[in-house]
Structure formats: structure tokens, C-alpha cells
Amino acid sequence: NISFGFRSRPCCLVKPVSVTIVPERSSHHQDNLPKLPVPPLRQTFERYLLMLEPLVSEEELDHTRKLVKEFLTPGGVGDRLQRSLERRASNKENWLTEWWMQSAYLDSRMPVAVYSSPGVVLPRMTFQDRQGQMRFAAKLIAGVLDFKQMIDSETLPIEYLGGKPLCMDQYYQILSSCRIPGPKRDTVVNHAIGKVAPTHITVVHNLQFFVLNVYNSDGSPLTVDQIYMQLEKIWNSSLQSNKEPIGILTSQHRNTWGKAYNNLIKDKTNKESVRAIQKSIFLVCLDAPMPQISEQRYQSRVAAQMLHGGGSRWNSGNRWFDKTLQFIVGEDGTCGLVYEHAPAEGPPIVFLVDHVVEYMQRMEVVRAPMIPLPMPPKLRFNITPEVKKDIESAKQDMNIMVHDLDVNVVLFSDYGRNVPKAHDLSPDAFIQMALQLAYFRMYKMCCSTYETASLRMFALGRTDTIRSCSNESLKFVQAMDDPVKPAIHGQAIDRHLLGLKLQAIEELASMPEIFMDTAYAVAEHFNLSTSQAGAKTDCVMCFGPMVPDGYGVCYNPMADHINIAITALNSCEETHAANFGRAVKKALRDMRSLLGETAMAKQ
Ligand SMILES: *[C@@H]1O[C@H](CO)[C@@H](O)[C@H](O)[C@H]1NC(C)=O
Ligand SMILES: *[C@@H]1O[C@H](CO)[C@@H](O)[C@H](O)[C@H]1NC(C)=O
Ligand SMILES: *[C@@H]1O[C@H](CO)[C@@H](O)[C@H](O)[C@H]1NC(C)=O
């Protein structure tokens with residue numbers, strides 16, 4: 001098992017490929033993408049030792065040096081595993097993707113809520129009444145359908161990074177897909193590529209699920225007015241909230257949910273209802289209002305609501321956490337989404353958000369004659385005593401998780417991308433160094449730091465890790481954006497090390513010592529798990545910490561301010577999201593002063 005007690009997955013910029021995915025997205029573009037390379041063996045271990053320098057003691061490092069030397073004996077285990085990896089790479093479109101999908105996501109047994117699924121907080125809305133809420137939800141649905149139109153017609157513009165085209169596959173995995181729990185390992189199904197593409201979404205209100213067909217019989221999408229009317233019907237027939245929160249089952253540990261799932265779908269009605277949710281294009285959660293909170297804490301509370309729904313008393317049962325995309329629109333103006341991480345990294349999700357927000361702004365409501373539409377059917381569930389018991393324990397576990405999650409959203413308004421850019425510095429690298437500084441000031445040491453790096457320059461590429469902590473970062477030297485480059489060019493060390501390790505599991509009788517080493521455990525224990533999720537929309541993405549004693553940090557550098565979401569667990573005495581937030585603000589301020597001084601000195 002590659003996880004150290006918690007989870008081994010990285011956060012945002014990763015994407016998955018399920019077994020059901022059609023890899024040849026016939027377009028020219030995809031076929032011409034380069035293949036992900038296997039980095040040279042000795043290069044990876046040189047970098048591995050360098051990376052360990054700021055993290056472990058001199059004795060530990062000496063020990064690891066010996067193990068590395070042994071592993072790299074010419075003609076030894078290292079060379080053998082490397083050859084196997086290279087063979088794998090020549091036989092597959094991407095040597096890593098399937099392995100990554102399995103080990104980072106589908107094998108992980110932690111709940112997807114909080115521990116895996118990122119949330120996105122959208123700007124707060126003011127709804128005068130529930131019509132306002134539903135009108136907003138209707139526009140949002142229309143916006144997502146507009147995005148889907150680009151997917152269906154394969155007219156989505158190809159993205160570029162540094163002049164290089166990126167793999168667009170992830171965009172094709174986020175609609176009409178769903179994770180399915182298994183007792184040992186999950187799967188992901190993508191219904192968009194089935195024979196009959198789904199034409200419905202799922203709407204959940206007051207814990208009750210409805211099937212809402214969003215296409216007319218001639219294949220045209222419903223208009224905003226039509227969707228609005230259908231939402232009102234749904235609302236009107238789900239007024240009582242005394243229902244069992246069946247959706248909360250999806251927030252459980254995966255083994256527990258896997259068992260409960262098999263039990264749930266023994267009943268034919270339940271099975272059909274579950275299938276309808278899984279097949280739907282996406283889910284819309286019309287949330288009940290949450291308790292009032294101070295303006296200052298508002299963003300943090302919404303981030304928590306996106307991650308877990310607020311607990312069993314609130315909206316945690318108003319979800320289907322297995323669903324890849326869930327948009328959340330609260331009666332109190334809370335808006336955002338939560339997505340199941342296995343099929344995609346943050347960037348496609350953020351791109352979708354930007355598209356939808358822009359659509360909603362430019363969209364004018366055209367009143368067209370209305371053909372009456374049938375009532376959207378409510379999904380029925382038969383709650384047996386056993387299912388009821390599973391729901392009760394899911395509620396308890398969810399409430400523990402809710403109490404444990406410590407969230408702090410920092411709206412840093414002093415400056416944004418503009419300042420580092422004016423000094424020819426990468427805003428991302430600049431913020432990463434601020435996080436290093438903040439962490440060092442709080443803990444008087446540095447830690448293994450994970451920053452997601454996209455591998456989408458390569459066919460079916462997901463992510464590797466930028467390790468922002470290095471001797472250099474410790475010394476705060478000039479090379480602020482250097483660590484980024486090897487990662488996105490497929491020369492980072494983390495996925496290569498993982499590949500060698502998984503290859504060892506496949507072909508060796510015992511695990512090479514290098515992977516059993518304390519230093520390796522330290523290197524893999526990411527106290528700081530970070531990701532930049534840059535959007536045009538003034539939003540912020542958030543995700544839970546990767547280790548029980550660490551922080552999850554996601555930031556969106558806007559032109560003149562920075563939105564930062566920080567998470568930690570209350571059960572860890574050493575971590576504190578708000579304190580870390582304050583340290584980050586101070587670090588950003590101090591670093592700007594430093595830039596000012598440097599500029600003055602140059603004049
Ligand atoms: C929903 O209920 C409200 C209040 O009773 C009513 O005014 C409205 O017409 C109903 N909407 C639909 C679509 O049935
Ligand atoms: C990194 O820092 C350690 C401790 O200060 C030092 O011993 C080592 O030589 C440094 N390595 C490099 C490559 O600068
Ligand atoms: C960070 O990681 C190390 C282990 O690598 C651990 O000892 C430490 O307590 C962790 N947490 C914090 C908040 O430093």
C-alpha cells in the first residue's frame with residue numbers, strides 16, 4: 001500500500017482514465033500528442049537525494065544514499081525495473097495513467113467527501129425569494145448544457161501551455177460520469193460514450209432526488225424558462241423534509257459504502273433510482289439555508305458546505321458524492337460545486353465554471369411559447385431496516401468529519417498577480433514561496449510540499465508533483481520558478497518513483513529497501529498539499545489536507561487580489577487553518593516589501 005495511513009493522492013491538477021474510457025478521441029490533435037516519458041533512472045535518484053536534503057537528518061540521508069547506491073548497482077534491481085517501465089511505456093498510450101487512477105483514487109478507501117473531492121466557492125448571490133434561487137439554478141443548468149454542446153460537437157478549443165497543445169481528454173470525462181463504490185476498489189463509469197447518451201440531469205431538493213430531462217424531443221436543450229418551470233415543480237413536490245437522507249451514504253468510507261451499496265441495490269426500485277443518478281449528466285443540489293454567520297467567516301463556511309454539506313442536520317444528505325459534478329445553489333445565496341476527483345483535475349472544472357459564469361452574464365432570457373412538460377419524476381427508495389442502519393452510521397461518521405474539518409478562506413486584497421508579474425516573477429512560484437515562508441515561521445522547519453503539476457502536454461497525462469520545498473527555497477534564492485519546469489515536462493521524480501514501486505510489486509518477490517526507508521516515508525508525507533486553480537471567475541477551489549497533520553492549500557491568483565482556501569483537521573493539535581492563513585498573509589506582505597527594497601536598490 002502506497003499510502004501512509006491516510007491517502008496518497010495529490011490534489012488538484014490530476015485526471016483519471018477509467019477502464020470504460022475510449023482513448024482514441026479520434027481527433028488529430030490527441031493522436032499527435034507526445035507520450036509521457038520515463039525519466040532516466042539516475043537522474044530521478046539524484047533529484048530524490050537533493051529533495052531529501054532539507055527534510056531529513058544527515059544520518060538518515062547517509063543511510064538513504066547507501067540504499068540508493070545499492071538500488072542503482074549496474075545491472076541490478078533498479079535497471080531491471082526501469083527496463084520494465086520502459087517496456088510498459090512503449091506498449092501503452094500512457095504508462096502512468098491507469099496506475100495513477102487506481103492507486104491515487106480508486107484504491108483509496110477514505111471517503112471522497114473532504115478527503116478527495118475538491119469544492120469550488122462561487123461569488124455569493126442575493127436571492128430575493130426562492131424564485132430567484134431557481135432562476136439562478138435554471139440559468140446555471142443552461143450554461144452547463146451550453147458547455148456540453150462544445151463537448152458533444154468536439155469544438156472545445158484546444159488549450160496550450162507554453163506554446164504546446166494540451167491533452168483535452170479530461171474534458172470528455174466529467175459529464176455523465178459517476179464513481180461506483182466497490183468493497184475493495186471503485187470504478188468510474190462514463191455514460192457519455194455509451195450507445196444512448198443520457199438526456200437528463202438529477203436535481204436534489206430536501207433530500208429528494210428527481211430526474212429532470214433537459215432536452216426537448218427534437219434534441220434542443222430546454223430553455224431557461226422551461227428549466228425554471230420544471231425546477232418549480234420539483235420544489236413544490238418536495239416540500240416536506242422528513243425524508244431519509246439516502247445520499248449521505250455516498251459520504252462513507254469506501255469499503256463501508258461498497259457494502260451498503262450492494263445491499264441498497266438488491267431492491268429493484270432502489271437499483272433503478274441509483275442508476276438514474278449515476279447516468280445523469282450532472283447533479284444540481286438545491287440546498288436549504290445554513291445558519292447565519294459573520295461576514296468574515298462566510299467564505300470559510302461556504303467552502304465547508306461545498307466539501308461536506310454542513311452535516312446531517314443540514315445539506316450533507318442533499319448530495320450524491322459519487323457523482324462527478326454536483327452544482328450547489330443554496331436558498332441563502334450560497335453557490336458553488338463539488339466534484340469527484342477521479343475523472344479530472346481542477347483546470348477543466350475551472351474552465352467549465354468560467355464558461356458557465358460568462359454564459360449566465362451574457363444570456364438574455366428569450367420568452368418563447370411554452371409547451372407544457374411532464375412532471376419530473378421523483379426517484380423512489382425503499383428504506384429497509386438495514387439501509388436505515390447504514391444511513392444512521394453514515395450520519396454519525398459525516399458529523400465527525402464535519403467537526404474535524406478546519407477551513408479558512410483568506411481573501412488577500414493587498415495585491416494579486418500584478419505584483420510578482422511586475423517584477424518578472426511567476427505568480428505561482430511567488431505564492432509557493434510565501435507558503436514555504438509561512439510554514440517555516442510557524443514550525444521552524446520545512447516540510448514535504450506537494451504542488452500539482454499538469455502532465456497534459458502528454459497524451460492522457462494527469463499530474464506529477466512539484467516539490468516546492470528545496471535547499472533553495474529554504475535559502476529563498478532567486479530561482480523562484482525553477483522547480484516548475486521539470487515537473488510539467490515529465491522529468492519530476494514522484495510518478496517515476498511510484499512507477500518503479502508498482503513495477504516492483506508486479507515483478508519482484510520483495511519490496512526494494514529504498515521504498516521501505518524512513519526518508520521515503522518523510523518525502524511522501526506531504527504536510528503541505530497545494531494547488532493553483534487559476535480562474536477568470538472570482539472563485540476559490542478548496543480541498544482537504546493530504547495527511548492528518550497537514551494543510552490543504554488552494555489558491556486563485558486574480559489580477560489584484562488572491563483567494564486562498566486553507567484546510568486542516570481539528571484533531572491535529574499542531575495545525576490551525578486560521579493561524580496558517582495569517583502567516584500566509586504576513587509572508588505575502590513581507591515578500592512584497594522585499595521586492596520593493598530590491599527594486600529600490602537596483603535604481
Ligand atoms: C408551485 O407552488 C406555488 C405556490 O403554491 C404556485 O404558485 C406555483 O404555481 C406552483 N408551481 C408549479 C410549477 O406548479
Ligand atoms: C543543502 O543544505 C544542506 C544543509 O545546509 C547542505 O549540507 C548541503 O550541502 C546543501 N546542498 C546543496 C546542493 O546545496
Ligand atoms: C509534518 O510532517 C512530519 C513528518 O514528516 C511530522 O513530524 C510533523 O509533525 C508534521 N506536521 C507538522 C504540522 O509539522
Side-chain angles (χ1 to χ4, degrees), residues 11-12 111-125 251 285 287-311 313-316 318-319 321 325-341 346 349-350 353 357 398-399 401-413 431 435 452 528-535 537-546 550-558 561-570 572 575-585:
C11 276
C12 268
V112 291
V114 175
Y115 296 102
S116 179
S117 300
V120 176
V121 179
L122 288 173
R124 180 186 206 164
M125 300 303 300
S251 69
C285 311
D287 269 16
M290 298 284 289
Q292 292 274 340
I293 195 160
S294 72
E295 199 52 39
Q296 214 198 345
R297 291 283 306 153
Y298 175 79
Q299 297 282 343
S300 307
R301 203 222 55 212
V302 178
Q305 188 179 342
M306 295 306 130
L307 292 172
H308 55 51
R313 273 192 64 198
W314 306 102
N315 293 296
S316 296
N318 212 45
R319 300 281 184 277
F321 283 105
L325 273 177
Q326 300 190 80
F327 295 91
I328 296 158
V329 181
E331 218 175 310
D332 52 12
T334 300
C335 307
L337 66 92
V338 57
Y339 77 94
E340 201 290 298
H341 207 330
I349 306 293
V350 165
V353 166
V357 168
M398 169 51 88
N399 294 339
M401 209 148 69
V402 166
H403 280 119
D404 202 17
L405 186 72
D406 175 17
V407 192
N408 182 237
V409 173
V410 174
L411 304 177
F412 179 75
S413 53
I431 296 169
L435 298 178
T452 317
L528 266 181
S529 157
T530 73
S531 191
Q532 169 174 255
T537 308
D538 193 3
C539 62
V540 66
M541 195 176 270
C542 50
F543 47 76
M546 211 187 274
Y551 293 99
V553 184
C554 193
Y555 47 91
N556 177 14
M558 305 289 291
H561 65 281
I562 310 171
N563 302 331
I564 312 166
I566 299 162
T567 58
L569 299 185
N570 287 317
C572 173
T575 56
H576 192 283
N579 289 351
F580 191 64
R582 275 187 285 275
V584 171
K585 273 190 184 177

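Below, each value reflects all heavy atoms present in this structure, side chains not excepted, and no hydrogens, waters or symmetry copies. Remember, predicted model here, so these are calculated numbers, not experimental data.
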Apply the test side chain to side chain contact (heavy atoms under 4.5 Å, CB included) to residues V329 and M125: give CA-CA distance (whole Å), side-chain angles for both, the deciding distance (0.1 Å), then the verdict.
CA-CA 9 Å; V329 181; M125 300 303 300; over 6 Å; no
Just how far is it from atom [atom1] of [X] to atom [atom2] of [Y], taken to the nearest 0.5 Å?
{"X": "Q299", "Y": "I564", "atom1": "CD", "atom2": "CD1", "answer": "12.5 Å"}
{"X": "S300", "Y": "Q305", "atom1": "OG", "atom2": "CD", "answer": "12.5 Å"}
{"X": "H576", "Y": "R582", "atom1": "NE2", "atom2": "CZ", "answer": "6.5 Å"}
{"X": "Y298", "Y": "L411", "atom1": "OH", "atom2": "CG", "answer": "11.5 Å"}
{"X": "L569", "Y": "M401", "atom1": "CG", "atom2": "CE", "answer": "10.5 Å"}
{"X": "C539", "Y": "I349", "atom1": "SG", "atom2": "CD1", "answer": "11.5 Å"}

Is the side chain of [X] donor-acceptor paired with the backbone N or O of [Y] at a distance under 3.5 Å, no angle test?
{"X": "N556", "Y": "T537", "answer": "yes"}
{"X": "S316", "Y": "H308", "answer": "yes"}
{"X": "Y555", "Y": "T530", "answer": "no"}
{"X": "N570", "Y": "H403", "answer": "yes"}
{"X": "R301", "Y": "P291", "answer": "yes"}
{"X": "S413", "Y": "H561", "answer": "no"}

Between [X] and [Y], what is the shortest heavy-atom contact and its length?
{"X": "F543", "Y": "C554", "result": "CE2-CB, 3.5 Å"}
{"X": "A303", "Y": "V409", "result": "CB-CG2, 3.8 Å"}
{"X": "G550", "Y": "P545", "result": "O-CB, 3.3 Å"}
{"X": "E331", "Y": "P289", "result": "OE1-CD, 3.3 Å"}
{"X": "M546", "Y": "S529", "result": "CE-OG, 3.4 Å"}
{"X": "P557", "Y": "Q532", "result": "CG-OE1, 3.1 Å"}

Could you tell me whether the side chain of [Y] reaches within less than 4.5 Å of the side chain of [X], counting heavy atoms only?
{"X": "N563", "Y": "M558", "result": "yes"}
{"X": "M290", "Y": "T334", "result": "no"}
{"X": "D404", "Y": "V114", "result": "no"}
{"X": "M541", "Y": "S531", "result": "no"}
{"X": "V120", "Y": "V350", "result": "no"}
{"X": "C285", "Y": "N315", "result": "no"}
{"X": "V553", "Y": "V584", "result": "no"}
{"X": "R319", "Y": "I328", "result": "yes"}

My understanding is that only residues two or more places apart in sequence, or in another chain, count here; which of them pass ring pair (Phe, Tyr, Trp, His ring centres under 6.0 Å) with [X]?
{"X": "F327", "value": "F282"}
{"X": "F412", "value": "Y415"}
{"X": "F580", "value": "Y551"}

Quick test of your reading: applying salt bridge (Lys or Arg N to Asp or Glu O under 4.0 Å), list the pairs with at least one residue in residues 111-121, sequence neighbours left out, ordered by first then second residue.
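Residue pairs with at least one partner in residues 111-121: there are none.
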Would you please name every residue forming a salt bridge (Lys or Arg N to Asp or Glu O under 4.0 Å) with D406, sequence neighbours left out?
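So D406 forms no salt bridge (Lys or Arg N to Asp or Glu O under 4.0 Å) with any residue.
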Qualifying residues under salt bridge (Lys or Arg N to Asp or Glu O under 4.0 Å), relative to R297, sequence neighbours excluded
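With sequence neighbours excluded, R297 shows a salt bridge (Lys or Arg N to Asp or Glu O under 4.0 Å) to no residue whatsoever.
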Using side-chain contact (heavy atoms from CB on, under 4.5 Å) as the criterion, point out the one residue from D287, L122, V121 that pairs with C335.
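Of all the options given, the one that passes is L122.
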